[in-house]
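Report on the following structure.
First the proteins, then the strands, lettered A, B, ... as listed; each starts at 1.
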Protein chains: 2
Amino acid sequence: MTSLPTSLLGDLDPTSDRAVFRQIADQLREAIDRGRFKEGEKLPSEAELVEHYGVSRMTVRNSFSILQGEGLVHAEHGKGVFVRPRPPVRRLASDRFARRHREQGKSAFIVEADAAGSHPQVDSLEVKEEKASQDISTRLGSVRRVLARRRRYLLDGRPVEFATSYLPLDIARDTPIAEPNPGPGGIYARLEELGHRLDHFEEEIRARMPSPSEVKTLRLASGVPVIHLIRTAYDTEGRAVEVCDTVMAADAYVLSYQLPAT
Amino acid sequence: MTSLPTSLLGDLDPTSDRAVFRQIADQLREAIDRGRFKEGEKLPSEAELVEHYGVSRMTVRNSFSILQGEGLVHAEHGKGVFVRPRPPVRRLASDRFARRHREQGKSAFIVEADAAGSHPQVDSLEVKEEKASQDISTRLGSVRRVLARRRRYLLDGRPVEFATSYLPLDIARDTPIAEPNPGPGGIYARLEELGHRLDHFEEEIRARMPSPSEVKTLRLASGVPVIHLIRTAYDTEGRAVEVCDTVMAADAYVLSYQLPAT
DNA sequence: CAGGCATACTCGTATAGACGAGTGGGCAAG
DNA sequence: CTTGCCCACTCGTCTATACGAGTATGCCTG
C-alpha cells in the first residue's frame, strides 16, 4: 500500500478515443502543471503506474516518452523519472556588446556570471585557421580561409553555449586575436585597436532541435531545443569583420532586444 | 525484391555497445543528411527495415521515434514515414515596426507575404476585455484589466504564428483598437493617432517545446520547437502601452536584429 | 466508363515477457 | 565499525504478437 504517489492520478476513460498512453501522459502533465509533482521530484515508477492503470509497461513508457519529448521530465537509469527542474536562465541584453561593457579585464561572460552568483567556466578553447564554409564565406564577403575561435561556456558546471567566431585571415592573423586569450574586452576590443571600428551587429536567430553532436557537447536533456544565433559584426566601412556562430541550450537563455520605433 | 530503398543502408554492428535502435536511427539520419533520402521522400517502411536489419518492429519504431524527436522525419498513418521538408522561412527584421512600414492599408503580415509569393491568412480573430495575468499586469505597469487581441497567422494554409496583444483598457477602450480590424497600419498606427507616440520596443525571446494546445493551434509536427516572443511597446513618456505575446513555429521563422555597436 | 468494394500495405496502439544494467539499502563477514 | 556483497528496485533494450485504422490500388460490377 505504498500507492501514495499514484493517488494523485485519476482513472482512464475507456470510452474516450484518446489513446491510453496519451491519457496517462495527460494526467501526469496536468499533475505536474498543477504542482502536484514539484520540480526535481520523482514521479511514480513505471511499475507503480502499470499497477495503478492496469496497463502494460510499454504503454507507461510510451507516456513517459511523450513527456520527455515535451521536455517536462527526464529519466535516470536505476533511479526513476523526475520532473525536470527549470534551470536559471541567462539573459542576453541587446546592449551586451556596447563599448562601455568592454572595459574590464575579464570576459563579458565571466563578469556577468559572477554578478549573478554563478560559477562560470570556458573550455574547449580552440583557435585555428581553416577553410571557410560556403555560408561563412558569403557572410564575410567571399573569404576563402578564416581564423576560427571555438569555445564552450559553462555555468555551474553545466554547458550552456558553444560558440565559434570566424574572422578573415587578413585581419586576424598574427594579432592578439589569434591567441587563445585575446585579452581584456575580447576580440571586439582588439578589432577596434587594429583600426576596425565597429559600426553595428546583425544577429540572426533560429530555434530547432539539436543535432546528436550538439546534444553531446551541451549535454542536453531530451526535449530541449537549441537557439542558433549567427552574429555578424560590421565595421564603419561596411565590411563584415567577424561572424560568430552560437548554439545555446534554449532552456538556459532569454534573449532581449531593444528596438527603436524609428 | 523491392529492396532498393534499404540498399542505401548498412548493417548493424553487433559488437558495438550502442543500442540497436540507435544504430538504425544513426544510419537513417546519416542517409538523410547525405541526401540519399531527399526532402519529402518516403523512407523504407517499418516492415522493410524489420527485414533488412532482422530486428523486431518495435525496435524500428523506436528508431523512427528518435528521428521524429529530432524533427527530421514525420510519419503519416497509412502512407509511410517521410523526410520532413524544410518549410520556407519568414524573416522578421528588426525594423519591421518602423513607421515607414506603417503607411499601407494592409497589415504588415499580408504585405510581406504577398511580396514573398505566399498566400497569407489571418484567422481566430478575437478581441475582448479580460483580466490581466500576473505577468502581463507587471509588464504593463500594474494594470488589472486589459483589451486582448488574439489572432492566428497562416502562410499557404499552414499556421505559423499565434499572437495576442494586450493593451490597457484606458488606452484601447472605445477606440478603433477595440475593433476586429483596427485599420491601416495596425494598432501601432492607431496608438500614435491617439497621442501615444511610440518610442521603442523591447523584445524577449525564448525557445522551448510547445504545449499540447500550441501543437494543436499551430498544427506542429513533433520535433518542432516554438519561438516565444514577448514584445512590449513603450511610448515617449516611458509608459508600456502594449504587450504582444507571440508563439511561432520555429521551423518557419528566422528573426533578425540589428544592433548598434554604440 | 464510373463507381464501389476488396485487399494489401502503411503506421498506431497495446500486451506480455525477457534480460541487462545502474542505484541504493541492508545485511553479513571481517 | 567498516567493507563488501547481495538483493530489490529502477529504467533500458529487445522480441513476438495482435488488432485497429488510414491509404492506395486494382479489380469487379453495374
Side-chain angles (χ1 to χ4, degrees), chain A residues 1-6 12-26 28 37 40-69 72-84 215 221-223, chain B residues 1-6 12-26 28 37 40-69 72-84 215 221-223:
Chain A
M1 270 298 285
T2 61
S3 66
L4 257 180
T6 56
L12 296 178
D13 174 5
T15 71
S16 164
D17 54 356
R18 188 148 177 86
V20 171
F21 73 92
R22 290 186 204 284
Q23 290 188 48
I24 296 177
D26 290 346
L28 291 169
F37 299 109
E41 206 172 317
K42 187 176 166 302
L43 294 178
S45 75
E46 293 176 357
E48 284 170 322
L49 291 173
V50 162
E51 197 187 353
H52 177 81
Y53 288 114
V55 298
S56 82
R57 187 174 157 228
M58 286 311 293
T59 301
V60 170
R61 281 183 62 76
N62 219 338
S63 308
F64 276 150
S65 96
I66 291 184
L67 299 179
Q68 273 191 52
L72 277 181
V73 307
H74 68 112
E76 292 182 35
H77 194 166
K79 298 209 244 180
V81 178
F82 300 83
V83 180
R84 213 157 62 71
V215 167
S222 66
Chain B
M1 268 300 284
T2 62
S3 67
L4 258 180
T6 57
L12 297 177
D13 174 4
T15 72
S16 164
D17 53 358
R18 188 149 176 86
V20 171
F21 74 91
R22 290 186 203 284
Q23 291 187 47
I24 297 176
D26 290 345
L28 291 169
F37 299 109
E41 205 171 316
K42 186 176 167 302
L43 294 178
S45 74
E46 294 175 356
E48 284 171 322
L49 291 172
V50 162
E51 197 189 351
H52 178 81
Y53 288 114
V55 298
S56 83
R57 186 172 159 230
M58 285 311 293
T59 302
V60 169
R61 281 182 62 75
N62 219 337
S63 308
F64 276 150
S65 97
I66 291 185
L67 300 179
Q68 273 191 53
L72 278 181
V73 306
H74 68 111
E76 291 182 34
H77 195 166
K79 298 210 245 178
V81 178
F82 301 83
V83 179
R84 211 156 65 71
V215 167
S222 66

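Checked options B:V81, B:V83, B:I24, B:L28; the residue passing with B:L67 is B:L28 (criterion: side chain to side chain contact (heavy atoms under 4.5 Å, CB included)).
Spacing between atom CD of A:E46 and atom P of D:dT13 amounts to 11 Å, rounded to whole angstrom units. Taking atom CG of B:L49 as the reference point, atom P of D:dC14 lies 15 Å away to the nearest angstrom. Atom pair A:D17:CG and D:dA21:P shows a separation of 10 Å (rounding to whole Å applied). At whole-Å resolution of the value, NE2 in A:H74 and C1' in D:dG12 are 16 Å apart. Distance A:M58 CE to D:dT13 C1': 9 Å, rounded to the nearest Å. Atom-to-atom, NE2 of B:H77 to P of D:dG20 comes out at 13 Å; the value is rounded to the nearest Å. Per the geometry, NZ belonging to A:K79 stands 12 Å off C1' belonging to D:dC11, to the nearest Å. Between the CG atom of B:N62 and the P atom of D:dC14 there is a distance of 8 Å, given to the nearest Å.
Side-chain proximity of A:A75 to the nucleotides D:dA21, D:dC11, D:dC14 is greatest for D:dC11.
The 12-atom threshold is exceeded at CD of A:E76, counting heavy atoms of other residues, nucleotides or ligands nearer than 6.0 Å. Surrounding CD of A:E51 are at most 12 heavy atoms belonging to other residues, nucleotides or ligands under 6.0 Å away.
The CD atom of A:Q23 sits 8.0 Å away from atom CZ of A:R18, with the distance rounded to the nearest 0.5 Å. In this structure, CG in B:D13 is found 11.5 Å from CG in B:D26, a value given to the nearest 0.5 Å.
In terms of position on DNA chain C, the residue among A:A19 and B:A47 whose nearest nucleotide sits closer to the 5' end is B:A47. Toward the 5′ end of DNA chain C lies the nearest nucleotide of A:G54, the other residue of the pair A:G54 and A:G78 mapping further downstream.
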Full working for side-chain contact (heavy atoms from CB on, under 4.5 Å) between A:Q68 and A:V73: CA-CA 5 Å; A:Q68 273 191 52; A:V73 307; 3.9 Å; yes

Derivation of the side-chain contact (heavy atoms from CB on, under 4.5 Å) call for B:V20 and B:Y53: CA-CA 9 Å; B:V20 171; B:Y53 288 114; over 6 Å; no

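The residue B:R18 sits apart from the nucleic acid: no heavy atom pair falls under 4.0 Å. Note on A:F64: nothing from the nucleic acid sits closer than 4.0 angstrom, heavy atoms only.
Considering only side-chain N and O atoms, B:S56 lies nowhere under 4.0 angstrom from the phosphate OP1 or OP2 of D:dC14. A sub-4.0 Å separation between OP1 or OP2 of D:dA18 and a side-chain N or O of B:R57 is absent.
Interface limits on DNA chain C: the 5'-most and 3'-most nucleotides within less than 4.0 Å of chain A heavy atoms are C:dT13 to C:dG24.
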